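Computed from a predicted structure; not experimentally measured.
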Amino acid sequence: MPKMLKFLTILLIAAFVFSGVFNGAVSAQEKPTLRVFYGSVGDIAQDEAILKRWADENNVNVEIVYASQSATEYLAQLQQLLAARSTDIDLIQFDVIWPGILAPNMLDLGPALEASGMKDMFYPRILANNTVDGKVVGLPWFTDAGLLYYRTDLLEKYGFSAPPATWAELESMAKTIQDGERAAGNAEFWGFVWQGNAYEGLTCDALEWVFSNGGGSIVEVDKTISINNEAAIRAIERAAAWVGTISPEGVTTYQEEDARRVFQAGNAAFMRNWPYAYVLGQGGADGTQETAIKGLFGVTNLPAGDSGKAAAALGGWQLGVSAYSANPDLATQLALWLTAPEQQKERWLKLNNLPTMPAIYTDPDVLAATPWVADLVPVFENASPRPSTVTAALYNDVSVAFFTAVHDVLTKKKDAATAFEDLELELENLLGSEFSVGAPPPIE
Ligand code: GLC
């Protein structure tokens, strides 16, 4: 019997060891998978490399779920997944205008942020924007502001000593350059390209025209529906007159990347776009990508309107964790890592995604590599927010109503006065009795 016992003991130990090895093998194969819902405007190829570094270091599979490049479609896709309580996405990239819409479906990152020691490193204004009823819906990943891109070589060729300070100056410079370049044989050449498709990007461009003209911010922080005013109407009429003159007819279907393609091919004098287009125009961080305008363009504030002030729409993207994620802690770690200073610095240098921490703007490496970053600080610090805080969960409906009205004017379906009269009524119905119609506040 003792022999038998010994045999059994050996068998048991062997089984134990074998099962241990087996378990080990299984857990190595089953490393956790995180799915990241990504897909903002621009080239995120280099961000894939940053993500992969974290994935390798932490033995996690990270998969990117690519979403639409149109913020409007992106939100629709995201809302569908969240409404279905989908466990298919863990980490979510989301727009600066959506905290009020997404808050119920996102985890509170406040405690993790507190524990990370990073809380005081972010711009308080961006963190405040991402906080809904005390809940930190997402960590500030990058900020954004509308800019004017211009061809330095062409300004010089046509005798202009500086980029345009007003929309009127932009119009006349764009026309002179366009006429000259066409006469010189480039039939494809246009004066000014921008975002005229019916989507969130048009809300940004049109807010810039309206605000800089003294026409307000569509709906004001004090719940005044202000869009139906003379200055706003004039601003949209002016933009509508660009279509088919200094801007192609097709601009009413353009998103950011369409405008960038035209400008980067050397076929436009001016472009409205976000900072990401800068590094791409220069051929990417290593300068090796194909571009016709490398070293031939500059970037500056958008022109001022009749108010005498320039306006830049405030943009930007955040990283949040889905409330339905099966791996919330891991996804939170990834959000913290991606928004940490080292990764923000890398994303600025490679992708020109503006950091959300003031300290990065005075970092010696950053200033040495991109001295122009210092000029951008006042632009986004003074940028005009869209009315997303005051309209919260209804923001997207407000924006859709606004860009549809503006698009109707750009495509000559309606005149601006009728479009904004109709819009005012639509916003009153949508926003309810807490909101009332009034004049925009005077611009400071
Ligand atoms: C940029 C901005 C974002 C904005 C979008 C519109 O991605 O960062 O805030 O909504 O453009 O197209």
Backbone N or O of [Y] within a donor-acceptor pair of the [X] side chain at under 3.5 Å?
X      : Y      : result
Asp286 : Thr288 : yes
Thr224 : Glu220 : no
Glu208 : Leu302 : no
Asp258 : Gln255 : yes
Asn130 : Gly138 : yes

### Message
Could you walk me through whether Met118 and Met357 satisfy the side-chain contact (heavy atoms from CB on, under 4.5 Å) test, starting with their C-alpha distance in whole Å, then the side-chain angles of each, then the deciding distance to 0.1 Å, before giving a yes or no?
### Response
CA-CA 10 Å; Met118 274 165 45; Met357 294 175 169; 4.2 Å; yes
Taking the side chain as everything from C-beta on, heavy atoms only, tell me whether [X] gets closer than 4.5 Å to [Y].
X      : Y      : value
Leu75  : Ile101 : yes
Leu427 : Ile218 : yes
Pro99  : Asn129 : yes
Pro164 : Leu148 : yes
Leu51  : Leu334 : yes
Leu127 : Leu113 : yes
Ile92  : Leu319 : no
Gln93  : Val36  : no

Count the heavy atoms of every other residue, nucleotide or ligand shown that sit under 6.0 Å from [atom1] of [X], and state whether that count exceeds 12.
X      : atom1 : result
Lys52  : NZ    : no
Glu156 : CD    : no
Glu434 : CD    : no

### Task
Output every pair passing salt bridge (charged side-chain N to carboxylate O under 4.0 Å, His left out) with a member in residues 355-379, not counting sequence neighbours, ordered by first then second residue.
Lys345-Asp363, Lys345-Asp365
### Query
Quick one: ring-ring contact (aromatic ring centres under 6.0 Å, His included) pairs with a partner in residues 76-129, sequence neighbours left out?
Tyr74-Trp98, Trp98-Trp317, Tyr123-Phe380
### Query
Within 45° of the axis and under 6.0 Å from the centre of the six-membered ring of Trp141, does NZ or CZ of Arg347 qualify?
yes
### Message
I'd like to know whether Lys135 forms a salt bridge (Lys or Arg N to Asp or Glu O under 4.0 Å) with Asp133, so could you lay out the CA-CA distance, the side-chain angles of the two residues, the decisive distance to 0.1 Å, and finally the verdict.
### Response
CA-CA 6 Å; Lys135 175 173 177 175; Asp133 296 332; over 6 Å; no
Once you round to the nearest 0.5 Å, how far does [atom1] of [X] lie from [atom2] of [Y]?
X      : Y      : atom1 : atom2 : value
Thr291 : Gln264 : OG1   : CD    : 4.5 Å
Met271 : Ile293 : CE    : CD1   : 6.5 Å
Leu107 : Thr332 : CG    : OG1   : 6.0 Å

### Message
Angle between ring planes, Phe263 versus Tyr149, binned at 30° and 60°: parallel, tilted or perpendicular?
### Response
perpendicular
### Message
side-chain contact (heavy atoms from CB on, under 4.5 Å) for Asn396 and Ile97? Distances and angles first, verdict last.
### Response
CA-CA 8 Å; Asn396 194 52; Ile97 48 188; over 6 Å; no
### Task
Evaluate side-chain contact (heavy atoms from CB on, under 4.5 Å) for Val366 paired with Tyr361, printing each intermediate quantity in order.
CA-CA 7 Å; Val366 168; Tyr361 292 88; over 6 Å; no
### Within the 6.0 Å centroid threshold, strictly below: Trp242 and Trp190
no
### Query
Considering the options Leu109, Val136, Ile126, Asp108, which one meets the side chain to side chain contact (heavy atoms under 4.5 Å, CB included) requirement together with Thr131?
Val136
### Query
Considering the options Glu171, Arg272, Gln178, Met173, which one meets the side chain to side chain contact (heavy atoms under 4.5 Å, CB included) requirement together with Phe192?
Arg272
#### Entry: Passing candidate, ring-ring contact (aromatic ring centres under 6.0 Å, His included) with Trp194, options Phe270, Trp209, Tyr254
Trp209
### Query
side-chain contact (heavy atoms from CB on, under 4.5 Å) between Glu346 and Arg53: does it pass, once the steps are laid out?
CA-CA 12 Å; Glu346 183 174 347; Arg53 210 167 61 229; 3.0 Å; yes
### Message
Taking Arg260 first and then Glu256, would you say they form a salt bridge - that is, a charged N and a carboxylate O separated by under 4.0 Å?
### Response
no
### Message
Please enumerate all residues that pass side chain to side chain donor-acceptor pair (under 3.5 Å) together with Glu200, with sequence neighbours excluded.
### Response
Arg386, Tyr395, Ser399
### Query
Do the side-chain N and O atoms of Thr33 and Glu63 include a donor-acceptor pair separated by under 3.5 angstrom?
no
